[in-house]
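Throughout, a chain's letter reflects where its sequence line sits, starting with A, and its residues are numbered from 1.
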There are 2 protein chains.
Amino acid sequence: MAKDVEQTIIDAAIRLFSEKGYAATSIRDIANSIDMTSASLYYYIKNKKDLLNLIMNRYLTLLINNANETIAAVEDDDPSDKLKALINNHVQNHGFNKLAALVVDTEYRSLEGEHKAHVKKLRSEYEQIWLDVLEEGKAAQIFSYENAKITSFAMINLCTGVAHWYREDGALSIQNIAEEYTMLGLKMVLA
Amino acid sequence: MAKDVEQTIIDAAIRLFSEKGYAATSIRDIANSIDMTSASLYYYIKNKKDLLNLIMNRYLTLLINNANETIAAVEDDDPSDKLKALINNHVQNHGFNKLAALVVDTEYRSLEGEHKAHVKKLRSEYEQIWLDVLEEGKAAQIFSYENAKITSFAMINLCTGVAHWYREDGALSIQNIAEEYTMLGLKMVLA
DNA sequence: GTCTATACGTCGATAGAC
DNA sequence: GTCTATCGACGTATAGAC
């Protein structure tokens with residue numbers, strides 16, 4: 001059963017970290033929200049820092065793996081289709097794992113030392129995927145923009161924003177939103 | 001001299017809140033960073049909550065006022081020019097007052113009660129400015145998009161992202177970045 | 001595995017001397 | 001205006017019983 005309890009703890013941490021922020025959430029908050037004492041919680045986790053690190057690593061890695069898979073699945077190697085796939089993947093990810101995505105996007109400053117360095121590396125890795133697609137499209141004269149780095153940051157920021165306002169019980173499904181973002185994002189760079 | 005000290009405190013708070021976050025910053029941190037004791041700090045401020053509220057209100061109000069002014073200055077009432085003005089204003093604002101902008105954008109969850117409600121109202125007010133321009137452009141068949149609300153959120157998220165990666169000592173001036181974002185943003189909605 | 005009890009640091013905020 | 005000293009609450013984390 002240890003595996004289930006661990007996931008329950010992680011989910012509770014994600015919920016509270018995304019709501020109140022890492023620093024404002026206490027170990028007691030997390031434990032009490034799943035009817036545990038803080039002492040019991042320490043049977044499953046090493047400390048608070050590692051809990052945040054685990055969450056950020058897991059969901060950032062998932063985002064990267066999904067991005068690589070969805071790009072590899074593009075049949076004709078068309079940069080437009082690749083960019084669509086990246087936008088769609090990012091928006092869907094930020095919809096389905098909204099709370100975890102919020103933690104990943106807002107708690108980078110709460111990391112320290114090697115944990116921070118590693119997450120920084122993962123971020124660069126993810127940005128590079130977008131950069132490659134954008135530059136491939138420009139070389140093929142399908143895309144048009146001034147600065148690749150600015151444009152990749154702009155595209156990622158655009159898609160990340162979804163997690164800040166998307167509501168599961170809202171009128172718009174995450175599929176609808178992903179479609180609209182795909183259109184908006186593609187128009188942004190099409191020649 | 002009281003006025004100067006107050007601004008010094010606010011600037012120190014902005015720096016630390018943007019670096020470590022509101023919850024992770026102590027009153028002692030703020031005081032010590034300007035060679036004061038925490039007890040002296042309380043001569044100038046009422047409490048920690050009010051300090052955050054003051055910062056968020058001041059810079060959000062500034063953003064709104066600048067947005068209204070820059071729109072009013074558009075001569076021919078062209079929606080494209082208005083949208084360009086909004087994008088330019090938002091990006092320049094997030095460049096010049098980068099640290100304050102980061103606090104405004106990331107510490108909404110740290111507000112409580114009436115403070116939170118008021119900032120929420122200010123946010124809606126700002127979003128409405130963008131919505132009006134987008135809908136005016138669509139009515140004039142200059143813009144083309146599916147959902148106005150999604151599009152306005154997308155445009156604002158896009159421009160807000162600048163504060164997360166812009167460096168004053170970087171190769172790109174905030175003017176360059178604002179110009180590029182104006183282009184990208186406009187292309188996103190042009191018919 | 002889960003608990004009670006607790007060590008020990010730091011927090012926001014105040015009292016009162018100077 | 002600025003300080004030292006301090007209060008009571010709450011933070012992370014551990015010890016040790018069951």
Side-chain angles (χ1 to χ4, degrees), chain A residues 1-57 103 106-116 119, chain B residues 1-57 103 106-116 119:
Chain A
M1 300 294 170
K3 221 20 192 211
D4 287 349
V5 176
E6 197 189 309
Q7 190 58 47
T8 303
I9 292 169
I10 292 173
D11 288 342
I14 289 173
R15 184 170 304 107
L16 289 165
F17 288 169
S18 66
E19 261 178 38
K20 315 199 297 175
Y22 171 79
T25 301
S26 73
I27 290 288
R28 281 195 243 274
D29 286 337
I30 299 170
N32 294 345
S33 80
I34 52 175
D35 294 314
M36 266 192 183
T37 61
S38 60
S40 299
L41 217 160
Y42 278 98
Y43 178 79
Y44 298 98
I45 67 161
K46 191 181 150 202
N47 56 40
K48 196 185 170 190
K49 285 176 192 177
D50 274 30
L51 187 54
L52 175 63
N53 186 243
L54 176 70
I55 293 167
M56 295 197 64
N57 262 285
V103 174
T106 61
E107 297 296 353
Y108 176 71
R109 63 182 169 196
S110 301
L111 294 170
E112 289 171 18
E114 285 187 33
H115 288 165
K116 192 164 199 162
V119 168
Chain B
M1 297 292 172
K3 210 56 192 178
D4 288 350
V5 175
E6 197 190 311
Q7 190 58 47
T8 303
I9 292 169
I10 292 172
D11 288 342
I14 290 172
R15 184 170 305 110
L16 288 166
F17 288 169
S18 65
E19 262 179 37
K20 313 200 297 175
Y22 171 80
T25 302
S26 72
I27 290 290
R28 284 178 178 82
D29 286 338
I30 298 170
N32 294 345
S33 81
I34 51 175
D35 294 315
M36 265 190 183
T37 61
S38 61
S40 298
L41 217 160
Y42 278 98
Y43 178 79
Y44 298 98
I45 68 162
K46 192 181 151 202
N47 55 40
K48 196 185 170 191
K49 285 176 192 178
D50 273 31
L51 187 53
L52 175 63
N53 186 243
L54 175 69
I55 293 167
M56 294 197 64
N57 262 285
V103 174
T106 61
E107 295 297 352
Y108 176 72
R109 64 184 169 194
S110 301
L111 294 170
E112 288 171 19
E114 284 187 33
H115 287 165
K116 192 165 198 160
V119 168

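Distance L41(B) CG to dG1(D) C1': 12 Å, rounded to the nearest Å. Rounded to whole Å, the distance from CD1 on I45(A) to C1' on dG1(C) is 15 Å. With rounding to whole Å, K46(B) atom NZ is found 15 Å from dT14(C) atom C1'. Taking atom NZ on K49(A) and atom P on dT12(D), their separation rounds to 12 Å, with Å as the unit. A straight line from OH of Y44(A) to P of dA13(D) spans 18 Å, rounded to a whole angstrom.
Checked against salt bridge (charged side-chain N to carboxylate O under 4.0 Å, His left out), E112(B) has the following partners two or more places apart in sequence or in another chain: K49(B). Legend: residues meeting salt bridge (charged side-chain N to carboxylate O under 4.0 Å, His left out) with K116(A), ordered by chain and number and at least two apart, are absent. Applying the side chain to side chain donor-acceptor pair (under 3.5 Å) test to S38(B) and every residue at least two apart in sequence or in another chain returns nothing. Under the rule for a salt bridge (charged side-chain N to carboxylate O under 4.0 Å, His left out), D11(B) has no partner lying at least two apart in sequence or in another chain. Listed by chain and residue number, E107(A) satisfy the salt bridge (charged side-chain N to carboxylate O under 4.0 Å, His left out) test with R109(B) (two or more places apart in sequence, or in another chain).
Candidate nucleotides dT2(C), dA13(D), dG1(D) were compared by shortest atom distance to the side chain of Y43(B), and dG1(D) ranks first. Checking dC3(D), dT2(C), dT12(D) against the side-chain heavy atoms of K48(A) singles out dT12(D) as nearest.
Here the side chain of T8(B) pairs a donor or acceptor atom with the backbone of D4(B) at under 3.5 angstrom.
Using a 4.0 Å cut-off, no side-chain N or O of T37(A) falls inside it from OP1 or OP2 of dT2(C). Proximity of Y42(A) to the phosphate of dA15(D): no side-chain N or O atom is located under 4.0 Å from OP1 or OP2. Remark: S40(B) is not in phosphate contact with dG1(D), judged by side-chain N or O atoms under 4.0 Å from OP1 or OP2.
Screening residues 17-38 of chain B for salt bridge (charged side-chain N to carboxylate O under 4.0 Å, His left out), with sequence neighbours left out, gives K20(B)-D29(B). A ring-ring contact (aromatic ring centres under 6.0 Å, His included) check over residues 11-40 of chain A, counting only residues at least two apart or in different chains, returns the pairs F17(A)-Y22(A).
Residues from residues 16-32 of chain A that place a heavy atom under 4.0 Å from any atom of DNA chain D, listed by number: T25(A), S26(A), I27(A), R28(A).
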Identify each atom pair where a protein N or O and an N or O of nucleotides 15-18 of chain C are less than 3.5 Å apart, giving names and distance.
none

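For the residue pair M56(A) and V103(A), the shortest heavy atom distance occurs at CE-O, 4.1 Å.
Checking S38(B) against M36(A), the closest nucleotide of DNA chain C that is more toward the 5' end is the one next to M36(A).
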